[in-house]
Peer 1: 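Pasting a structure here, questions to come.
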Amino acid sequence: MSFPLLTATAVLPAIGAIATAAVPAARRTAAKWLALLVSIATLALAIAVLVRFDPDGARYQLTESHAWIADFGVRYELGVDGIGVALLALTALLIPFIILAGWHDADPLETGSRRWRPTQGFFALILAVEAMVIISFEATDVFLFYIFFEAMLIPMYFLIGGFGDRAHAGSDENAAAQRSYAAVKFLLYNLVGGLIMLAAVIGLYVVAGNFSLQEIAEARANGTLDMATNTERWLFLGFFFAFAVKAPLWPLHTWLPNAMGEATAPVAVLITAVVDKVGTFAMLRFCLQLFPEASKWATPAILVLALISIVYGALLAVGQRDIKRLVAYASISHFGFIIMGIFAMTAQGQSGATLYMVNHGISTAALMLVAGFLISRRGSRLIADYGGVQKVAPVLAGTFLIGGLATLSLPGLAPFVSEFLVLVGTFARYPVIGIIATFGIVLAALYTLVLYQRTMTGPVKPEVSAMPDLRMRELVVVAPLVVLLIFLGVYPKPVTDIVNPAVKSTMSDVHKKDPKPAVEAAK
């Protein structure tokens, strides 16, 4: 039996989470280093998966299959396609930077305070989330996926509610109340989505007799499993609703600004750059593959919701006074682009959507982590409390600018390529939707450049006059992300080569071909 590489990538951070939580209370630094080393080792395993994956090979590779709950047709089945590999690598890449960025976020509070922040628990919870997200990208058994899709809510709830942002206006009691509200709202929204999905999972088993993604998809393709039209549509809606909450898609998005605003900056990155990607990934893997006809039936409504998310999120970002909430609403707009690309039902749109998931993870991590470093220095999330930062901390301001320019999809930076592909792919089949969606780009330029102008330029405010520039640990966090944004902006081929074969398979699942150009090329 070959080495179970996919299992190892999920089990290692899970074991690391247990080991980190077990470190004695007085050994906080040891717990931090243990968590960091485990995350780096997990990244090494993810790189091994990437190296062994053959884009031109079988659709699902490095597969593992073992009996689990045989009486109910539940198996422990893992496998990765090009989309899963790309997102697994993104997750493993970002976690070490998240840990480094949050190095002091769970340290004891100010000198003289009797309260204690459980440092070990903070880093253990991050590793636990990593393990659950990774196995979600690998699971090819629907029930196995569902378990970890829901289980990741538990550590995220404690990360949001128990380790909130210290730069909170008002009393400590008010801050605690706001964190609790954000954590409960996050949990309730996602639990409701998960419970509806559970009903759909049970319904799928009743219809198909098992939970194997590959077996059900093959049965649908060869005609041995014929779902009634209404049955397929109801099952699709049950799955899609849960994924739309996680994504988050308007109008199921309202938990995200609260969660990102009250969480620490590294946890905010964990939410939007890692956890939320499970929702959009699952739309590609489960909705389109299991329910192809229902996916096509629902496409017009979903595209309208995605378009609303793009414009609505960008408009609210323009009006924000809080830096972190601005990034949160910008992410809602970006997820609208991703979902629009998925349901445009074109190869360019779906390739762009998958690439957008990767690029959005990197760009949001860069912007939010630098914003977190900025906020920790000033002790405020309000844009109005800053001004002239570039004169006292030019490196911080420069990296903040690059992260912001990536967010508005400036040509030459990674998100531009993915956003361009999404728009081209959407315009090819739904030109009106594609044209209106371009307004999201204009609004992105507005909220990004206004944010930079108000915080970094102008006279130096007295409160920021002594602000230190980025330290070595912070540079180690930000510099690789900036390099990746530039590299993938000018040479996205390494990612597109991996995801394109998987996208072709997905297009085949829904029996869609790219529309022919309206004007044929001259011969």
Side-chain angles (χ1 to χ4, degrees), residues 101-102 104-105 109-110 160-161 163-183 185 254-269 271-272 313-333 364-394 396-401 403-404 407-408 443-470 474 478:
H104 298 299
D105 285 356
L109 292 171
E110 294 79 5
I160 297 168
F163 300 91
D165 191 354
R166 297 182 184 182
H168 194 294
S171 65
D172 289 342
E173 290 75 14
N174 181 52
Q178 292 294 327
R179 289 197 302 270
S180 178
Y181 171 78
K185 189 173 184 179
T254 58
W255 62 268
L256 183 66
N258 296 102
M260 288 185 65
E262 298 305 322
T264 64
V267 172
V269 171
I271 295 169
T272 191
L315 282 172
L316 288 188
V318 170
Q320 290 304 305
R321 296 180 297 171
D322 182 309
I323 296 173
K324 292 170 69 177
R325 290 179 69 90
L326 185 152
V327 178
Y329 280 110
S331 289
I332 291 169
S333 182
T364 299
L367 180 61
M368 179 59 84
L369 292 179
V370 177
F373 298 149
L374 177 71
I375 291 168
S376 67
R377 285 159 165 74
R378 173 66 176 84
S380 173
R381 306 196 313 243
L382 298 179
I383 296 172
D385 289 341
Y386 296 88
V389 174
Q390 68 178 13
K391 296 177 182 178
V392 296
L396 188 154
T399 53
F400 189 83
L401 178 62
T407 298
L408 65 82
L443 293 172
L446 180 60
Y447 63 68
T448 299
L449 296 177
V450 169
L451 171 65
Y452 183 82
Q453 183 264 330
R454 291 179 178 175
T455 56
M456 301 295 163
T457 66
V460 179
K461 290 199 172 184
E463 294 83 0
V464 304
S465 59
M467 180 178 289
D469 213 334
L470 292 183
E474 296 164 336
V478 176

Peer 1: In a check of side chain to side chain contact (heavy atoms under 4.5 Å, CB included) between L396 and each of L401, V478, D469, which one passes?
Peer 2: D469
Peer 1: So, for R179 and F163, which heavy atoms are closest and what is the spacing to 0.1 Å?
Peer 2: CD-C, 4.3 Å
Peer 1: Which pairs with one or both residues in residues 444-457 pass salt bridge (charged side-chain N to carboxylate O under 4.0 Å, His left out), sequence neighbours excluded?
Peer 2: none
Peer 1: Side chains of P257 and D322, heavy atoms from C-beta outward: is any pair under 4.5 Å?
Peer 2: no
Peer 1: For residues T455 and V389, report the shortest heavy-atom separation together with the two atoms involved.
Peer 2: O-CG2, 3.2 Å
Peer 1: Check whether any side-chain heavy atom of I271 lies under 4.5 Å from a side-chain heavy atom of I160, and answer yes or no.
Peer 2: yes
Peer 1: What's the shortest heavy-atom distance between K391 and G458, and which atoms?
Peer 2: NZ-O, 3.4 Å
Peer 1: Could you tell me if the side chain of D105 sits less than 4.5 Å from the side chain of V267, heavy atoms only?
Peer 2: no
Peer 1: To the nearest 0.5 angstrom, please state how far the CG atom of L315 sits from the OG atom of S333.
Peer 2: 9.0 Å
Peer 1: For the pair T448 and L367, evaluate side-chain contact (heavy atoms from CB on, under 4.5 Å) and give the outcome as yes or no after the intermediate values.
Peer 2: CA-CA 10 Å; T448 299; L367 180 61; over 6 Å; no
Peer 1: Working to the nearest 0.5 Å, report the span between CD1 of I383 and CD of Q453.
Peer 2: 10.5 Å
Peer 1: Could you pull out the closest heavy-atom pair between V464 and G387, with the gap in Å?
Peer 2: CG2-O, 3.3 Å
Peer 1: Working to the nearest 0.5 angstrom, can you tell me the gap between K324 NZ and Y329 OH?
Peer 2: 14.5 Å
Peer 1: Once side chain to side chain donor-acceptor pair (under 3.5 Å) is applied, do any residues pair with S465, and if so which ones, sequence neighbours excluded?
Peer 2: none
Peer 1: Looking at residues at least two apart in the chain, or sitting in another chain, which of them share a side chain to side chain donor-acceptor pair (under 3.5 Å) with T272?
Peer 2: S331
Peer 1: Could you work out, with salt bridge (charged side-chain N to carboxylate O under 4.0 Å, His left out) as the rule, every residue matching D385, not counting sequence neighbours?
Peer 2: none
Peer 1: Please list, chain by chain and in numerical order, all residues satisfying salt bridge (charged side-chain N to carboxylate O under 4.0 Å, His left out) with R377, sequence neighbours excluded.
Peer 2: E474
Peer 1: Could you tell me which non-hydrogen atom of A268 sits nearest to which non-hydrogen atom of M260, and how far apart they are?
Peer 2: CB-O, 3.9 Å
Peer 1: Just wondering, do M467 and V460 contact through their side chains at under 4.5 Å, heavy atoms?
Peer 2: no
Peer 1: For a 4.5 angstrom cut-off between non-hydrogen side-chain atoms, does T364 reach T407?
Peer 2: no
Peer 1: Take Y452 and Q390 through the side chain to side chain donor-acceptor pair (under 3.5 Å) test and state the conclusion after the steps.
Peer 2: CA-CA 10 Å; Y452 183 82; Q390 68 178 13; 2.9 Å; yes
Peer 1: With sequence neighbours left out, write down each residue that passes side chain to side chain donor-acceptor pair (under 3.5 Å) with K461, or none if nothing qualifies.
Peer 2: none
Peer 1: Do L316 and I332 touch side chain to side chain, with heavy atoms closer than 4.5 Å?
Peer 2: no
Peer 1: For Y447 and A317, work out which heavy atoms get closest and say how close.
Peer 2: CD2-CB, 3.6 Å
Peer 1: Kindly compute the distance separating CG (L408) from CG (L451), expressed to the nearest 0.5 Å.
Peer 2: 11.0 Å
Peer 1: Are any non-hydrogen side-chain atoms of I375 and Y386 less than 4.5 angstrom apart?
Peer 2: yes
